Amino acid sequence: MIEATLCFLLRDGSSDCDDEVLLIEKRRGLGEGWYNGPGGKLEDGETPRECAVRETREEVGLEVDPADLEKVGELSFVLDDEAHTFCHVFRARTFAGEPRASEEARPEWVAVDDVPYDQMWEDDQLWLPGILEGDTVIGEFRFVGGEPLDEADFADHVLEWDVTFPSNC
Ligand SMILES: Nc1ncnc2c1[nH]c(=O)n2[C@H]1C[C@H](O)[C@@H](COP(=O)(O)OP(=O)(O)OP(=O)(O)O)O1
């Protein structure tokens, strides 16, 4: 099973009440052409938090202090009844630098109310709005139809909200 991360960075928006979230348009690999948060697969010996920091740096050039990352989700993606990917989701409001594009990702600040869910993984619309509003979640999402995961059909899901994660995970 693959272990991966997603990292959602938030900032105050230009209008009075709207937060903005940094999304990437994925330029290669799984989910190519879709929007998502920066993130990717854990490397050997890496913790999820370290992975989220590294992937954010590599994909969009922003520096995040691991201590500023709040663990806000654990998502299990199941393909044809087999565990496929376990994804740790983080959120942060503190980071350094200006986003820049990389070979893997084109970054874009998007108002939280304008997230393009029709250009994202189908499951994102089920859990990401809650994450962007400050909630926490554990979710399982079942896909059918074989590899690759991003061409499989989304079948069903289970969500548990308002979860408490240990501060060190
Ligand atoms: N269903 C769903 N919804 C939302 N996000 C995801 C999924 N499935 C997923 O796999 N993901 C996320 C989890 C990861 O952040 C990425 C996939 O990681 P990937 O880009 O393959 O990992 P990298 O390590 O960056 O890839 P390479 O550097 O090897 O190209 O999608």
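Each ligand, and each atom within it, is numbered from 1 in the order the structure gives. Bear in mind the structure is a predicted one, so any value in this text is a computation, not a measurement. Computed from heavy atoms alone, side chains included, the values below leave out hydrogens, waters and symmetry copies.
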Report task. Classify the ring geometry between Phe141 and His157 as parallel (under 30°), tilted (30 to 60°) or perpendicular (over 60°). Result -> parallel

Requested in this report: Would you please name every residue forming a side-chain hydrogen bond (donor to acceptor under 3.5 Å, both in side chains) with Arg27, sequence neighbours left out?
Outcome: none

Report summary line: atom 18 (O) of ligand 1 sits nearest the protein heavy atom Gly40 CA, 3.6 Å

Query raised in the report: Taking NZ, NE, NH1 and NH2 as the nitrogens, is one of them in Arg142 or Asp80 under 4.0 Å from a carboxylate oxygen of the other?
Result: no

Requested in this report: Among all protein heavy atoms, pick out the one at the shortest distance from atom 31 (O) of ligand 1; state its residue, atom name and that distance to 0.1 Å.
Outcome: Asn36 ND2, 3.9 Å

Query raised in the report: Among the heavy atoms of Phe143, does any lie under 4.0 Å from an atom of ligand 1?
Result: yes

**Report entry** Side chain, backbone, both or neither: Thr5 near ligand 1, heavy atoms under 4.0 Å
**Finding:** backbone

**Report entry** Closest protein heavy atom (residue, atom, distance) for atom 3 (N) of ligand 1
**Finding:** Asp123 OD2, 3.0 Å

Donor-acceptor list for residues 32-41 side chains, cut-off 3.5 Å, not counting sequence neighbours:
residue	atom	partner	partner atom	Å
Tyr35	OH	Arg106	NH2	3.1
Tyr35	OH	Glu108	OE1	3.1

**Report entry** Flag: protein heavy atom within less than 4.0 Å of atom 16 (C) of ligand 1
**Finding:** no

Report task. Decide whether an N or O pair under 3.5 Å exists between Thr85 and ligand 1. Result -> no

Report task. Would you please test Lys71 and Glu74 for salt bridge (Lys or Arg N to Asp or Glu O under 4.0 Å) and show each step? Result -> CA-CA 8 Å; Lys71 173 87 177 265; Glu74 289 185 346; 2.8 Å; yes

Query raised in the report: Can an N or O of Lys41 be found at a distance shorter than 3.5 Å from an N or O of ligand 1?
Result: yes

Query raised in the report: Is the closest heavy atom of Lys26 to ligand 1 under 4.0 Å?
Result: yes

Query raised in the report: With a 4.0 Å heavy-atom cut-off (strictly under), which part of Ile2 contacts ligand 1: side chain, backbone, both or neither?
Result: neither

Query raised in the report: Parallel under 30°, tilted from 30 to 60°, perpendicular over 60°: which one fits the rings of Phe90 and His88?
Result: parallel

Query - Close side-chain approach of Val64 and Thr94, heavy atoms under 4.5 Å - result: no

Query raised in the report: Can you say whether the rings of Phe8 and Trp127 are parallel (under 30°), tilted (30 to 60°) or perpendicular (over 60°)?
Result: perpendicular

Query raised in the report: Are side-chain heavy atoms of Asp65 and Phe95 found at a separation under 4.5 Å?
Result: no

Report task. Run the numbers on Leu9 and Val21 for side-chain contact (heavy atoms from CB on, under 4.5 Å), then give the verdict. Result -> CA-CA 6 Å; Leu9 301 179; Val21 58; over 6 Å; no

Query raised in the report: Which residue supplies the protein heavy atom nearest to atom 4 (C) of ligand 1, what is that atom called, and how far is it?
Result: Asp124 OD1, 3.1 Å

Query raised in the report: Strictly under 4.0 Å, does any heavy atom of Phe141 approach an atom of ligand 1?
Result: no

Report task. Please confirm whether His84 comes under 4.0 Å of ligand 1, counting heavy atoms of the residue only. Result -> no

Query - Closest protein heavy atom (residue, atom, distance) for atom 28 (O) of ligand 1 - result: Arg28 NH2, 3.6 Å

Query raised in the report: Does Gly39 come within less than 4.0 angstrom of ligand 1, counting non-hydrogen atoms of the residue?
Result: yes

Report summary line: heavy-atom search around atom 10 (O) of ligand 1 in the protein gives Leu30 CD2, 3.5 Å

Query raised in the report: Got a salt bridge between Arg54 and Glu50, using NZ or NE/NH1/NH2 to carboxylate O under 4.0 Å?
Result: no

Query raised in the report: Met120: heavy atom below 4.0 Å from ligand 1, yes or no?
Result: no

